[in-house]
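A quick write-up on the structure given underneath.
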Amino acid sequence: MNRLMEKGFRPIDSLNDPDNGHRWSLSQKLLLGLSPRDYFRQVLRNPFNWVLFLIFAIGLPLIVYRYANGLGSVMHGSCDYPWGLFLGFGLFCMVPLSASGFLLGTAVELFGQKKFKPILNLALLNGLLGYFFAVVNLLVDLGCPWRLYYPMFVSWGTAAVLFLVGWHVATYLSVQIMEVSEAFFEWIGWPTAKKFIHAGTIGLTVAGIILSTLHQGALGTLLTYAPAKVHPLWYSQEFLWIFYLCSSVFAGLCMVIAVSTIVEKTMAWRCSRDFLDHLGSITIGLAKGATMALVTYFVIKLIGIAHDNEWSYLTTGWGSWFMLEIFLGVVLPIILFSVAIRKNSVGLVRFTAFLTIVGLIMNRLNTALISFNWNLYPEIPHPYELMITITIFTMFIAVYRFILYRLPILYSWKAAPEKVLVASPVKNRAPVFIEDSAEGAWARPSGRP
Amino acid sequence: MNGISRRGFFKVVAGGSALALAPKKSAFGMAEFDGYPESMGVLVDLTRCIGCRTCEAACNREHGLPEPDLPFNDLSVFDQTFHGGTQKRRTDDGAFTVVNRYDTKTAGGPVYRKIQCNHCKEPACLTSCFVSAYKKTKEGAVIYNPDVCVGCRMCMVACPFGIPAYSYDSALHPEVIKCNFCYDNRLKHGKPPACVEACPQEALTFGHRNTLVKTAHERIRANPEKYVDHVYGETEVGGTSWMYLSGVPFDQLGFNTSLQHHPILDNTKSFLGIVPMVLGIWPAMFMGFHLLATGGKKEEENKKSQHRGEVHEE
Ligand code: SF4
Ligand code: SF4
Ligand code: SF4
């Protein structure tokens, strides 16, 4: 891409071709305004695509294999460990890492923190895709995935916490689809639909907060069904839900920092100047929020241990593992974030965000898998299970990138005012542009060949 | 017919809103559930069990389960261990019940213990299932309906006794597999389960649960030196329909003796209690924050975003 950019290429970022005023066609939009040949050359040139291809070549057949031969063919099929990585990682980790949508929605739309506006769309998309792929993981993991809708429409187990999780994830997914669809409608060129959704932003955001508070917490509560199985250090009947809720706050924020870092390094060509210029201060701002959540989390974790009087466990092997998790994922991030914020060091914030994500993943795997059945025996996931989990995560990355390349997430869509289109209905004749936007001017390709 | 199904429908709808508004009500729509008075049960007296595996064979025959690798009169299965010697045999997709041998330090030779579903009074499997695949019948059996099961295996995570198994190898009809108290063929008609009937030692006693609790305590009172003074299952996780008497401490026989004495469902209550709070308070609270934070500035905001190039009709 960078090479194309040097040659003066500008990716599509508006409804009409600024050279001749034609509406871009859908296929042109999909190819980013490149010719099919250039597009595929560009795809092949990127080594990352080869890595993706390799992973899919191994993983996709495995997924087919799973559907043909049953779950037992790709998991250990253990009755002691009913859940594996698909849920342990795919649901328990993906959901908190996708809390970004509701967090930034709240900050920007409800609290009017306009500072974070440039990153809002990215946070919303991150949320949507995270949840979507959590559901994809579910589809692999459920014994009868074709009954995924049963808890909604066929048989209700209303007393079950999982019922709440199921309903909330499903409704929240719809809420997020609506939120992100604003960008989609803009891109596809349906301004009326966009405006319609936009009018409901506040309602959607409030719905997002409610649903997120409840299902993030509910995921933790799921494990209170297994009091005798989860190790006491990770178990807390009263507080598990609040641990999960609180940690989803910093997890979501760190995920946005991490993704925006990757975006800045690998697809700066797709970012608007607005986005790139503000990313540094936004990152610091997000880090401040994450630090507050981390400190709160640390305090309630201590309260949790004190409340259940679990100090003696800290001296065991499990205790060391627990303390490592807390140190890497909570204490160290608090220290590093504080230093980074004081020194205004975006680089350090970013490093710390990745570290925090690792800590969060450790925590979720520890509660749901590693410390589960701590008094039985440990179980190492089946290699196929690991491979499929990686494959689904790779799909997540691929779809993520596909959308970021196209929809106005990292840049703003420069739609020509509708008046202009009406004024110039004749084909092959450039419409008169009304220069009403300062940014419209810089983004218009000047040196276009 | 119509009336009934409509009533059934309303019950379901009411349940759905209960989730939203008052989920504290427990699985059976009542705040407290003391078990069905007519509930049957089985008392397993481990001091009488000789490890003949007749019950295993009877259960297998009764339910048409697959032939095991080793015949039921082969007692070498007691020497099998799994996962690095840490685990004994367990119920799986081919066996609703298994008997294990425990070589305890106490005199009197090895002790044998039969395991199967304990048919809890307020079962964790039932209360954790989000499609209500389980049912606690008035006779005390906890039965499972494979037609609505989605296969999330939450019930397996929740069962404190690690009983439900799953047919992981079936691609099209995987299901949870566990002892059903011989509900369809026997219990429903007032007959004892196959395993109980087959036991040559009368180690298994079938009867009303309430009576069995008394029987158990009487046996302990009559022979205090023979029994540990505890009826396992009387109060564990809120009480189970199958209960155990033992001559050696239960923890030496692989029983989990640290189980809570109230139903597993209670553990979720502190969370479910906040659900109506969040639903009731959050919208107004956050709208309030919104007005406080942005009140009056909305117009400005609109103009600004316009300058970013967003389409707005004037
Ligand atoms: S023993 Fe397990 S499977 Fe049986 S009723 Fe109790 S919770 Fe359910
Ligand atoms: S596996 Fe089936 S029966 Fe068990 S909790 Fe899930 S849906 Fe219910
Ligand atoms: S009660 Fe019936 S299903 Fe359960 S172990 Fe005995 S014979 Fe098998």
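The chains referred to below are lettered A, B, ... by the order of the sequence lines, with proteins before strands, and numbering in each begins at 1.
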| query | Top residue by heavy-atom pair count (under 4.5 Å) with chain A, among B:Asp92, B:Leu259, B:Leu172? | reply | B:Leu172
| Contacting region of A:Tyr235 [heavy-atom separation from chain B under 4.5 Å] | side chain
| Do other residues, nucleotides or ligands put more than 12 heavy atoms under 6.0 Å from A:Asn375 CG? | yes
| message | Given heavy-atom pairs under 4.5 angstrom as the criterion, report whether the side chain, backbone, both or neither of A:Ser78 touches chain B. | response | backbone
| task | With a 4.5 angstrom heavy-atom cut-off, could you sort out which part of A:Asp141 is near chain B: side chain, backbone, both or neither? | result | both
| remark: Looking only at B:Pro174, B:Ser170, B:Ser128, most heavy-atom pairs under 4.5 Å shared with chain A are made by B:Ser128
| said: Heavy-atom pairs under 4.5 Å with chain B - which of A:Gly72, A:Ser155, A:Gly203 has more of them than the others? | reply: A:Ser155
| remark: Of A:Pro227, A:Ala228, A:Gly166, A:Pro408, the largest count of non-hydrogen pairs under 4.5 angstrom with chain B goes to A:Pro227
| Which pair of non-hydrogen atoms, one from A:Trp146 and one from B:Ala171, has the smallest distance, and what is that distance? | CH2-O, 3.6 Å
| With a 4.5 angstrom heavy-atom cut-off, which part of A:Leu222 approaches chain B: side chain, backbone, both or neither? | both
| message | Please classify the contact of A:Met152 with chain B as side chain, backbone, both or neither, using a heavy-atom distance under 4.5 Å. | response | neither
| request: Nearest 0.5 Å please: distance from the CH2 atom of A:Trp241 over to the CG atom of B:Leu272. | output: 11.0 Å
| said: Out of A:Asp80, A:Val154, A:Ile242, A:Val206, return the one with the most heavy atom pairs under 4.5 angstrom to chain B. | reply: A:Asp80
| remark: Shortest non-hydrogen pair, A:Trp83 vs B:Cys152, comes out as NE1-O, 2.9 Å
| said: Testing the basics here: between A:Phe111 and B:Ala293, what is the closest heavy-atom pair and its distance to 0.1 Å? | reply: O-CB, 3.3 Å
| Is the closest side-chain heavy-atom distance between B:Asp266 and A:Gln237 below 4.5 Å? | no
| Contact leader toward chain A among B:Ala165, B:Ser132, B:Gly84, B:Cys159, where contacts are heavy-atom pairs under 4.5 Å | B:Ser132
| query | Does a side-chain heavy-atom distance below 4.5 Å link B:Phe289 with A:Leu110? | reply | no
| field | Side chain proximity check, B:Met154 to A:Val161, heavy atoms < 4.5 angstrom | value | no
| message | Tell me if the CZ atom of A:Phe196 is crowded by more than 12 foreign heavy atoms within 6.0 Å. | response | no
| Of all of B:Ala124, B:Ser258, B:Cys129, which one pairs up most often with chain A through heavy atoms under 4.5 Å apart? | B:Cys129
| query | For B:His261, does the NE2 atom have more than 12 heavy-atom neighbours from other residues, nucleotides or ligands under 6.0 Å away? | reply | yes
| field | Which portion of B:Pro146 sits near chain A, non-hydrogen atoms under 4.5 angstrom | value | backbone
| field | Closest non-hydrogen atom pair, A:Leu71 against B:Arg153 | value | CD1-NH1, 3.3 Å
| Heavy atoms from other residues, nucleotides or ligands near OH of A:Tyr384 exceed 12 (cutoff 6.0 Å) | no
| chain B heavy atoms under 4.5 Å from A:Phe372: which part of the residue, side chain, backbone, both or neither? | side chain
| query | Given a strict heavy-atom distance threshold of 4.5 Å, which part of B:Gln260 is in contact with chain A: side chain, backbone, both, or neither? | reply | side chain
| Between the main-chain N or O of A:Ala207 and the side-chain N or O of B:Trp282, is there a donor-acceptor pair closer than 3.5 Å? | no
| Residue pair A:Lys229 / B:Met156: nearest heavy atoms and the distance that separates them | NZ-O, 3.0 Å
| said: What I'd like to find out is whether the side chain of B:Cys155 reaches to under 4.5 Å of the side chain of A:Tyr225, using heavy atoms alone. | reply: no
| query | What residue in B:Cys149, B:Gly162, B:Ser167, B:Pro160 has the most heavy-atom pairs under 4.5 Å with chain A? | reply | B:Cys149
| field | Distance, nearest 0.5 Å, that separates CE of B:Met287 from CD1 of A:Ile209 | value | 10.0 Å
| About how many Å separate OG1 of B:Thr294 and NZ of A:Lys114, when rounded to the nearest 0.5 Å? | 8.5 Å
| What is the minimum heavy-atom distance between A:Pro82 and B:Tyr168, and which atoms define it? | CA-OH, 3.4 Å
| Whether A:Tyr377 and B:His83 hold their rings parallel, tilted or perpendicular, with breakpoints at 30° and 60° | parallel
| message | Please identify, among B:Ile274, B:Thr268, B:Asp169, the residue contributing the most non-hydrogen atom pairs under 4.5 Å to chain A. | response | B:Thr268
| field | Sub-4.5 Å side-chain heavy-atom contact between A:Leu376 and B:Thr86 | value | no
| said: I'd like to check B:Pro283 versus A:Ile210 (side-chain heavy atoms, cut-off strictly below 4.5 Å). Are they in contact? | reply: yes
